[in-house]
Chemist: 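Structure provided below as structure tokens; questions to follow.
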Amino acid sequence: MTDHEPATMPAEETAEPVVRYERRGSAALVTLNRPRYRNAQNSVMTYALDDAFERAVNDNDVRVIVLAGAGDHFSAGHDIGTPGRDVHVPYDRKAVIWWDHTDKAGADARYAREMEVYLGMCRRWREMPKPSIAMVHGACIAGGLMLAWVCDLIIASDDAFFADPVVRMGIPGVEYFAHPWVLGPRFAKEALFTGDRFTAQRAYELGMVNRVVPRSELAETTFAMADKIATMPPFGLSLVKRAVNQCEDLMGMRPGMDSTFGLHHVAHAHNAETGADSLAGMDARSMKSASQAP
Ligand code: ZN
């Protein structure tokens with residue numbers, strides 16, 4: 001993040017909702033909706049996403065939550081350079097108890113912001129009491145992985161691809177550091193060391209996704225799965241979801257993420273101290289040009 005961000009949203013950002021909410025039978029369909037920017041996540045999207053999830057949780061007729069991306073891609077990651085980037089805009093803080101980052105400086109500001117909108121929000125969404133399914137197509141990069149990983153199931157089309165290339169910025173992976181648990185330690189290292197993309201089929205072989213289907217069958221497969229899950233008792237689903245999440249945390253995921261979040265912020269601080277900014281002077285364009293095809 002840099003110190004020269006616009007404090008207001010451009011008109012083009014406010015014309016369309018950045019997150020769409022629809023009902024599809026017993027499922028709520030929540031759609032990331034900044035297709036022009038490959039659904040890059042700014043804070044306004046983060047909070048709109050949180051509102052949509054809260055709405056789905058509070059609607060007794062919604063049994064399953066489906067998360068999708070509008071346009072050609074699921075999500076290219078966090079917004080690191082669109083006109084709507086809103087790093088220095090204050091938002092309601094709902095995920096963690098921390099102070100507003102906008103009147104702070106340096107690591108104090110970065111830590112407060114990322115604890116809230118990245119790690120905090122992702123944990124909050126992972127713990128929603130209803131089953132969630134990420135319906136992934138196209139790019140699912142860095143911060144895009146975080147959104148897919150917080151969902152209980154991931155159904156991918158065969159054109160989906162995944163990567164966490166932020167080591168190019170000198171940063172040891174995205175804030176929600178689930179990599180060793182969802183990819184296994186060996187492949188997590190390869191994916192992080194190289195920053196290379198990996199295919200939906202590879203993600204399936206690693207156990208990171210539940211199904212890989214042709215793009216034309218993605219929605220049908222996802223909503224068929226949602227309908228099947230919806231026949232189970234809601235309270236039972238909430239309990240078994242919590243049971244698996246608790247066991248995953250007992251396998252070290254939560255304390256692992258807490259410890260790696262500190263390393264992540266050492267890297268941001270090092271970049272800010274020694275270079276142009278906390279992202280090592282890189283933006284969406286330079287990150288994209290450096291990335292390799294699968
Ligand atoms: Zn960060």
Side-chain angles (χ1 to χ4, degrees), residues 1-5 37-47 49-50 75-82 84-91 93-96 98-102 104-126 140-150 162-180 182 188 191-193 195 253-288 290-291:
M1 59 197 69
T2 60
D3 295 326
H4 42 76
E5 298 306 322
Y37 301 110
R38 301 195 302 159
N39 297 320
Q41 302 161 41
N42 52 6
S43 293
V44 71
M45 178 186 273
T46 303
Y47 282 91
L49 204 47
D50 191 65
S75 175
H78 295 148
D79 188 343
I80 56 171
T82 81
R85 193 177 176 220
D86 53 0
V87 169
H88 296 300
V89 178
Y91 287 91
R93 296 181 303 286
K94 295 165 78 175
V96 295
W98 211 277
W99 46 66
D100 182 11
H101 71 284
T102 55
K104 303 295 185 296
D108 189 356
R110 276 192 302 272
Y111 194 87
R113 177 173 182 274
E114 296 205 343
M115 182 63 95
E116 166 70 16
V117 299
Y118 295 156
L119 182 59
M121 277 298 180
C122 281
R123 283 179 164 170
R124 179 173 157 87
W125 300 332
R126 172 179 178 250
C140 180
I141 307 296
L145 286 172
M146 293 170 51
L147 294 187
W149 286 346
V150 299
F162 306 88
D164 184 354
V166 306
V167 182
R168 290 188 209 289
M169 300 172 168
I171 297 169
V174 288
E175 292 82 3
Y176 185 85
F177 195 78
H179 314 57
V182 299
L192 288 161
F193 287 178
M253 191 164 90
R254 190 178 178 92
M257 276 191 201
D258 283 330
S259 69
T260 54
F261 192 67
L263 300 175
H264 181 96
H265 277 271
V266 167
H268 276 315
H270 177 74
N271 286 343
E273 204 175 334
T274 60
D277 58 39
S278 66
L279 302 180
M282 298 195 81
D283 60 11
R285 193 178 302 271
S286 57
M287 286 295 286
K288 191 179 179 197
S291 67

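Keep in mind it's a predicted model, so treat the numbers as computed, not measured. One-based numbering, in listed order, for ligands and for the atoms of each.
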Chemist: Measuring from atom CG of D79 to atom CZ of R85, what distance do you get when rounded to the nearest 0.5 angstrom?
Modeler: 6.5 Å
Chemist: Looking at E175, pick out the N, O or S atom nearest to the Zn ion (ligand 1) and give its name.
Modeler: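 Nearest N/O/S atom: OE2.
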Chemist: Show me the donor-acceptor pairs within less than 3.5 Å that the side chains of residues 255-264 make with the rest of the protein, sequence neighbours left out.
Modeler:
{"from": "D258", "atom 1": "OD1", "to": "R123", "atom 2": "NH1", "distance (Å)": "3.1"}
{"from": "D258", "atom 1": "OD1", "to": "R123", "atom 2": "NH2", "distance (Å)": "3.0"}
{"from": "S259", "atom 1": "OG", "to": "G256", "atom 2": "O", "distance (Å)": "2.9"}
{"from": "T260", "atom 1": "OG1", "to": "G256", "atom 2": "O", "distance (Å)": "3.0"}
{"from": "T260", "atom 1": "OG1", "to": "M257", "atom 2": "O", "distance (Å)": "3.2"}
{"from": "H264", "atom 1": "ND1", "to": "G173", "atom 2": "O", "distance (Å)": "2.9"}
{"from": "H264", "atom 1": "NE2", "to": "E114", "atom 2": "OE1", "distance (Å)": "3.1"}
{"from": "H264", "atom 1": "NE2", "to": "E175", "atom 2": "OE2", "distance (Å)": "3.0"}
{"from": "H264", "atom 1": "NE2", "to": "H268", "atom 2": "NE2", "distance (Å)": "2.9"}

Chemist: Taking the N/O/S atoms of H268 one by one, which is nearest to the Zn ion (ligand 1)?
Modeler: NE2
Chemist: Starting from the Zn ion (ligand 1), look over the N/O/S atoms of H264 and name the nearest one.
Modeler: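 This residue's closest N, O or S atom turns out to be NE2.
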Chemist: Assign the ring pair Y111 / H265 to parallel, tilted or perpendicular, where the plane angle (0 to 90°) is split at 30° and 60°.
Modeler: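 Geometry flag for H265 against Y111: perpendicular rings.
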Chemist: What distance do L192 atom CG and H179 atom NE2 have between them, rounded to the nearest 0.5 Å?
Modeler: 4.5 Å
